[in-house]
Amino acid sequence: MAALTMRNVVKRFGDVETIHGVDLDIRHKEFVVFVGPSGCGKTTLLRLIAGLESITEGDLHIGDTRANDIDASERGVAMVFQSYALYPHMSVAQNMGFGLKMSGMPAGEVRKRVDHAAQTLQLEALLDRKPKHLSGGQRQRVAIGRAIVRQPEVFLFDEPLSNLDAELRVEMRVQLQELHHKLDATMIYVTHDQVEAMTMADKIVVLRDGVIQQVGAPLELYERPCNSFVAGFIGSPRMNFIDGAVSEVGEQRLIIKLADQDQTSVVLDRTPQRPVAPGDSVSVGVRPEHLHEGHEGDTVIRVAVDVTERLGNVTFIYGRFANLERFVIQADALSPTQSGDDATVSFDTASSHVFDADGQPIL
Ligand code: ATP
């Protein structure tokens, strides 16, 4: 059983603190994804767990054992890197078994584990090939195989799919989830791609500047983001944030005037969770799929359309509205709207979010 906990974990490189007191609980066999923009500390956090960096302050437990001072090779974790780092002169089987052989494991046992991993990853037919005769996806599977043969309790993946083309990434996402079902192991996966996070994770950890913003199931984060950063980061295309100001506050009622030419009113029949007063700056968050062409919704706006993207099953309309130069609407596949149009668009206030000037949710 490999549950994993971090308590007040701090990492400093010299004088520079990059991880600022992280608390995290990961259950046995959970698939956890760390996401966040470049430089937020995802890889550092993973390397602290792997034992490739030392923890400056705080505690890391893997299972019941405090792991801070345990050597990387003794932690029961295996890491799969973005660059597959395969040995070019070795066959697939030799690449997968090399670490075990170096640790002194008898050749028969190494072969057994390599065969088993090859079967799990459908690499049996490729065991004698050299890496240069493999596709990118096959190389990545060999790199994963090298981790599997060690039979770790925790797998750590550092952006393992970023060198693959789009189609192969989708395929590998599915394969990694299948692998997770087959293996009795915890998986921690780093990516800056929120689609990977949404599709694979049991639990997503959103990081920003070395601080955890929110931890939760994908749809929980999507529907109830704890601040405007998470709201903007989770979801593709991203949420539209429209500037506005509070014009009326009452029991079970908040009226906001948007900063568009028409000063459109947004009437929300909900009680604010935080104190707000008329005149306060806010931003109204509306996801592209919650906008409809036409008057169906209760808030109607006019959008100056710049570009339409027709994907077959859906059309994305990009235009300008209020403060936004890139206002995005997810419209029907057959939407007649074209660039240069002034589109009538509406949304239901029930599906909109409102954040205060600090990015905290008001409703
Ligand atoms: P990316 O998605 O670009 O890989 P990340 O979220 O994984 O980013 P990290 O690589 O963990 O971010 O880096 C977090 C911060 O720590 C950055 O500011 C980075 O410059 C700093 N950092 C990472 N490794 C070191 C190091 N060895 N020495 C000094 N600073 C470091």
Side-chain angles (χ1 to χ4, degrees), residues 4-24 26 30-60 62 67-69 71-73 75 77-85 136 140 143-144 147 154-166 168-169 172-173 176 186-201 203-216 218 221 225-238 359:
L4 197 142
T5 58
M6 293 183 124
R7 286 290 170 266
N8 202 20
V9 166
V10 171
K11 176 63 186 172
R12 277 192 285 274
F13 291 104
D15 293 342
V16 184
E17 189 171 303
T18 56
I19 300 288
H20 310 291
V22 159
D23 287 310
L24 187 61
I26 295 175
E30 228 174 359
F31 198 131
V32 177
V33 178
F34 295 168
V35 282
S38 185
C40 70
K42 308 177 290 289
T43 300
T44 301
L45 210 50
L46 202 69
R47 291 172 63 85
L48 293 176
I49 296 170
L52 300 174
E53 297 287 354
S54 63
I55 294 173
T56 312
E57 277 172 33
D59 294 308
L60 166 69
I62 301 176
N68 291 48
D69 302 320
D71 193 70
S73 61
R75 290 190 183 194
V77 304
M79 189 142 162
V80 178
F81 297 92
Q82 177 179 346
S83 63
Y84 321 126
Q140 184 54 279
I144 295 169
V154 183
F155 283 83
L156 305 174
F157 294 99
D158 191 4
E159 307 227 18
L161 308 187
S162 40
N163 288 340
L164 304 179
D165 66 38
L168 208 51
R169 273 210 300 272
M172 283 300 291
R173 281 200 321 242
L176 280 171
T186 307
M187 294 193 169
I188 307 177
Y189 187 103
V190 161
T191 180
H192 60 267
D193 179 344
Q194 60 84 36
V195 176
E196 280 181 18
M198 288 297 284
T199 51
M200 293 197 288
K203 185 150 95 188
I204 297 179
V205 178
V206 183
L207 281 159
R208 180 193 199 185
D209 296 337
V211 177
I212 291 183
Q213 303 292 299
Q214 192 169 4
V215 178
L221 266 56
C226 72
N227 58 31
S228 58
F229 175 80
V230 175
F233 196 79
I234 301 287
S236 176
R238 74 195 290 264

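Because the structure is a prediction, the values reported are computed rather than measured. We count ligands from 1, going down the list as the structure has it; atoms in each ligand are counted the same way.
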Atom CZ in Phe34, atom CG in Leu46: separation rounded to 0.5 Å? 6.5 Å
Quick one: does Gln194's side chain get under 4.5 Å of Ser236's, heavy atoms only? yes
Polar side-chain atom of Thr191 near backbone of Glu196 as donor-acceptor pair, under 3.5 Å: no
Check whether any protein heavy atom sits under 4.0 Å from atom 20 (O) of ligand 1. no
closest protein heavy atom to atom 4 (O) of ligand 1 is Thr43 OG1, 3.8 Å
For Thr18, the ligand 1 atoms whose distance to one of its heavy atoms is below 4.0 Å: 15 (C), 16 (O), 21 (C)
N or O pair under 3.5 Å between Cys40 and ligand 1: yes
Kindly confirm or rule out an N or O of Thr44 lying under 3.5 angstrom from an N or O of ligand 1. yes
Atom 26 (C) of ligand 1 touched by protein heavy atom at under 4.0 Å: yes
The closest protein heavy-atom partner of atom 3 (O) of ligand 1 is Ser38 OG, 2.6 Å
Starting from the C-alpha separation in whole Å, work towards a yes-or-no answer on side-chain hydrogen bond (donor to acceptor under 3.5 Å, both in side chains) for Arg173 and Thr199. CA-CA 8 Å; Arg173 281 200 321 242; Thr199 51; 3.3 Å; yes
Got a donor-acceptor contact below 3.5 angstrom from the Arg169 side chain to the Leu164 backbone? yes
Under 3.5 Å, side chain of Asn68 to main-chain N/O of Leu60, donor-acceptor pair present? yes
With a 4.0 Å cut-off on heavy atoms, is Glu159 touching ligand 1? yes
Would Pro37 count as a contact of ligand 1 if the rule is a heavy atom under 4.0 Å away? yes
I'd like to know whether ligand 1 has Gly41 as a neighbour, heavy-atom separation below 4.0 Å. yes
So which heavy atom in the protein is nearest atom 18 (O) of ligand 1, and how far is it from that ligand atom? Gly39 O, 4.1 Å
Going by the closest heavy atom to atom 2 (O) of ligand 1, which one wins out of Glu17, Arg47, Gln82, Lys42? Lys42
More than 12 heavy atoms of other groups within 6.0 Å of Asp209 CG: no
Residue, atom name and distance, where the atom is the protein heavy atom closest to atom 30 (N) of ligand 1: Phe13 CD1, 3.4 Å
Student check: side-chain heavy atoms of Leu4 and Thr186 closer than 4.5 Å: no
Report the relative orientation of the aromatic rings in Tyr189 and Phe31; use parallel for angles under 30°, tilted for 30 to 60°, perpendicular for over 60°. tilted
